[in-house]
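Reading through the structure tokens given below for one structure.
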Amino acid sequence: MKSYLPLRNKKGSFSFHIHKKTLLYAAVCLLLTGAVTVVSLGMGEMNISPLNVLKAFLGMGEEQDALIVMQFRLPRVVIALLVGAALGAAGAILQGIVRNPLAAPDILGVTGGAAVAAVAFLLYFESASIQWLPPFAFLGATLTTFILYALAWKKGVTPLRLVLIGVGIKIAASAVITVLILFSPFVLQNKATLWLTGSIYGVDWNDVKMIGPWVVGLIALAALLARRVNVQQLGDEVATSVGSLVQFDRFALLIICAALTGAAVSVGGEISFVALLAPHIAKMLVGPSFGGALPVSALVGSLILLIADLIARTAFSPIDIPVGVFTSAVGAPFFIYLLYKNRNR
């Protein structure tokens, strides 16, 4: 147990053992994220040195630097961190409960379901408050998740059947979105199309307030269920024999995964492959245990999206490329590699 750090209260009702390697890599991810955050806040049409960024962040910089950093750039950076964390955690949850390395909300159509609901909201509930967008996306993701799992179930769920049905649902969701856009006004078509490319352009502090509590609370809730996911990875029979409520736990985790996906999609649109990449990188660093993979997946997801957004915002300035273009460019070859690797399963 020397490699684990125990955390418990005096009454013994709260007890966790955290692997020191998980803490190490989580700290490394936090440091890298902090460094990229400072660089991202300083880069743009008006470059600001890292020292001046820190001064502006601490309230000691020039007024112009503080305005650019705190009001124009920081909300976008925070949204990138939140959306990346939500996608990374959702991917880790889905891979954990399905026990399939190819599982990810965007690959299996869950993101597509959330996008259908979100696009319908943008097109046909234009006068409604934007605060209702995350619940709409959540409902779409939840419904799609249960349809996927029900269709893939046949005395269990095999990786190949899950992927094939998931890809089918993803294609169907794309077709529905196309129909919705075609039969909507031209102005709204442009709005929905830009949103679907996966972009966090134009976000502000209201967007942070809208999804921040969702993302933080849901990841914390998933962490509380980490032990139950670890047991489920041994198989349903073993999990049941040790007293785990397999179906209830799976239902709760599917709801959390759908809610995280809905929160990410409601602000960032269809950002692909972050939910697939982040858990695999996390497991390479800390191992397959869900308790360690979940927080590191969230941190890696934040780092991936933050770097992708920095490149999207600065590489072709003054053109702001949607961040989803860069995540897809990296993620698509990785998915093909995973599909080839698991072709005989």
Side-chain angles (χ1 to χ4, degrees), residues 25 28-29 32-33 36 40 80-81 83-96 98-115 148 158-174 177 196-200 257 260-261 264-265 268-288 293 296-316 319-345:
Y25 282 111
V28 170
C29 288
L32 289 174
T33 301
V36 176
S40 182
L81 295 174
V83 171
L87 293 174
I93 292 170
L94 199 56
Q95 290 182 15
V98 176
R99 302 190 297 274
N100 182 358
L102 297 171
D106 50 324
I107 300 298
L108 302 186
V110 179
T111 301
L148 167 65
T158 64
L160 180 59
R161 188 161 60 244
L162 193 71
V163 171
L164 291 176
I165 293 175
V167 170
I169 290 176
K170 180 180 180 180
I171 295 171
S174 298
I177 290 172
L196 283 169
T197 56
S199 175
I200 54 176
C257 176
L260 285 168
T261 303
V265 168
E270 284 195 281
I271 299 176
S272 302
F273 294 112
V274 174
L276 180 70
L277 285 169
H280 281 278
I281 296 173
K283 290 173 185 177
M284 289 172 59
L285 296 175
V286 301
V296 177
S297 293
L299 291 171
V300 171
S302 293
L303 185 58
I304 290 173
L305 197 59
L306 186 60
I307 293 173
D309 183 59
L310 175 61
I311 297 172
R313 185 167 55 85
T314 61
F316 302 95
I319 300 174
D320 198 322
I321 305 297
V323 67
V325 173
F326 292 94
T327 59
S328 296
V330 175
F334 184 74
F335 175 68
I336 294 172
Y337 163 74
L338 287 178
L339 195 60
Y340 175 79
K341 184 178 178 181
N342 293 272
R343 65 191 185 280
N344 294 322
R345 294 182 62 181

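Positions are given from 1, in the same order as the sequence printed here. Small disclaimer: the values here were computed from a predicted structure and weren't measured.
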**OP:** Apply side-chain contact (heavy atoms from CB on, under 4.5 Å) to A90 and list each qualifying residue two or more places apart in sequence or on a separate chain.
**Re:** P105, C257, L260, T261
**OP:** Not counting sequence neighbours, which residues clear side chain to side chain donor-acceptor pair (under 3.5 Å) with T33? List them please.
**Re:** none
Subject >> Minimum-distance pair of heavy atoms, taken over all atoms of K283 and A293 >> reply: CG-CB, 4.2 Å
Subject >> Contacts of I171 that satisfy side-chain contact (heavy atoms from CB on, under 4.5 Å) - sequence neighbours left out >> reply: V167
**OP:** Look up atom CG in L32 and atom CG in L299, then write down how far apart they are to the nearest 0.5 Å.
**Re:** 10.5 Å
Original post:
Got a sec, which residues hit side-chain contact (heavy atoms from CB on, under 4.5 Å) with I321, two or more places apart in sequence or on another chain?
Top reply: A312, F316, I319, V325, F326
Quick one: side chains of residues 106-114, donor-acceptor pairs under 3.5 Å with protein atoms, not counting sequence neighbours, listed by atom name and distance.
| residue | atom | partner | partner atom | Å |
| --- | --- | --- | --- | --- |
| D106 | OD2 | F273 | N | 2.4 |
| T111 | OG1 | D106 | N | 3.2 |

**OP:** Provide the closest heavy-atom pair for L277 versus G331 in the form atom of the first, atom of the second, distance.
**Re:** CD1-CA, 4.2 Å
Subject >> Heavy-atom pair of closest approach, residues S40 and R313 >> reply: O-NH2, 2.6 Å
**OP:** For the pair S199 (side chain) and P322 (backbone), establish whether a donor and an acceptor sit closer than 3.5 Å, ignoring hydrogens and angles.
**Re:** no
Subject >> Residues in side chain to side chain donor-acceptor pair (under 3.5 Å) contact with D309, at least two apart in sequence or another chain >> reply: R76
**OP:** Identify the heavy atoms of A80 and I200 that sit nearest to each other, and give their distance.
**Re:** CB-CD1, 3.6 Å
Original post:
If every non-hydrogen atom of T314 is compared with every non-hydrogen atom of L310, which pair is closest and at what distance?
Top reply: OG1-O, 2.6 Å
Original post:
Okay, side chain of S297, backbone of A89: is any donor-acceptor separation there less than 3.5 Å?
Top reply: no
Original post:
I281: what forms a side-chain contact (heavy atoms from CB on, under 4.5 Å) with it, not counting sequence neighbours?
Top reply: L285, V300, I304
Subject >> Gap between atom CG of L148 and atom NZ of K170 - 0.5 Å precision >> reply: 13.0 Å
Original post:
Nearest 0.5 Å, what's the CD1-CD1 distance between I311 and I307?
Top reply: 7.0 Å
**OP:** Specify the closest pair of heavy atoms between A264 and L87, including all atoms of both residues, with the distance to one decimal.
**Re:** CB-CD2, 3.7 Å
